[in-house]
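Have a look at the structure below before the remarks.
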Amino acid sequence: MKGKRGRFMGKPNSISTITTLKHHQVRSNKEVSMRSEEAENRLLLVDLEAKCPPGGSETVILYTTSLRGIRKTFEDCNTIRFLLGSFRVLYDERDVSMHMEFREELWRTLGGRVIPPRLFIKGRHVGGVDEVVQFHEQGKLVDLLDGIPKSPLSGPCKGCGGMRFVLCSSCNGSRKVVLEDVCAPLPVRCVNCNENGLVKCSICF
């Protein structure tokens, strides 16, 4: 219908309502599509290989080495350590050069003589530095760390300075103690420390 001046005098409210509904429908479809794409790109822990080191079913475990003999290996360990630190999550670092037991753990878990760094999250093997960096660049590492407790520490441990081991107080790092309850003093192997004369930090472990 037209008025005196030729203007359309129909039902403007109905047209406006239809336009608004179409706009909302397009926006809703776009949001659903985006959520579906995000869900497809989201990396779940169940997609990773099930390899659980001791005590790692609900935690993050990173096997590293502090030896600088092979520069790339040392730098790769620092790379993953930096990424985990940037997310401020609580993780258990196990230095295979400080404690032989950690090296044996890693080899048993992966079934071979692999070298660090190796990252495990809730009993799943994430991989070495290449895999971890790739997941981070794709925005998937944050999904893997979802639900991991945040670290309460704002700096290195005050007990060990971040080394996670301290000098054995029984033998002062010599790995030998003297038995005094025998006729002649007899030096024997200290049973409290590891092969490096170190014991685990009571604060970190």
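All residue numbers in this chain count up from 1 along the given sequence. Heavy-atom basis, side chains included; hydrogens, waters and symmetry copies ignored. As the structure is a computational prediction, the values presented were derived from the model and not from experiment.
Considering OG of S66 and CG of D95, their distance stands at 3.5 Å, rounded to 0.5 Å. Taken from CG in L84 to CD in E93, the straight-line distance is 9.0 Å, to the nearest 0.5 Å.
Other residues, nucleotides and ligands contribute only 12 or fewer heavy atoms inside 6.0 Å of the NZ atom of K158. Counted within 6.0 Å of CG on L90, heavy atoms from surrounding residues, nucleotides or ligands total more than 12; the atom is thus considered enclosed. Annotation: R71, atom CZ; neighbour count of heavy atoms from other residues, nucleotides and ligands within 6.0 Å does not exceed 12.
Under 4.0 Å is where a charged nitrogen must lie from a carboxylate oxygen, and between R94 and E105 at least one such pair does. The pair E49-R124 does not count as a salt bridge, with every side-chain nitrogen at least 4.0 angstrom from each carboxylate oxygen.
For the pair N194 (side chain) and M98 (backbone), a donor-acceptor distance under 3.5 Å is present. Side-chain atoms of E131 come within 3.5 Å of backbone N or O of G128 as a donor-acceptor pair. Between the side chain of E195 and the backbone N or O of M100, at least one donor-acceptor pair lies under 3.5 Å. Judged by distance alone, the side chain of K51 and the main-chain N or O of G111 form no donor-acceptor pair under 3.5 Å.
No side-chain heavy atom of L45 sits less than 4.5 Å from a side-chain heavy atom of D143.
Between F120 and Y63, the angle of the ring planes goes over 60°, which puts this pair in the perpendicular group of the 30/60° scheme.
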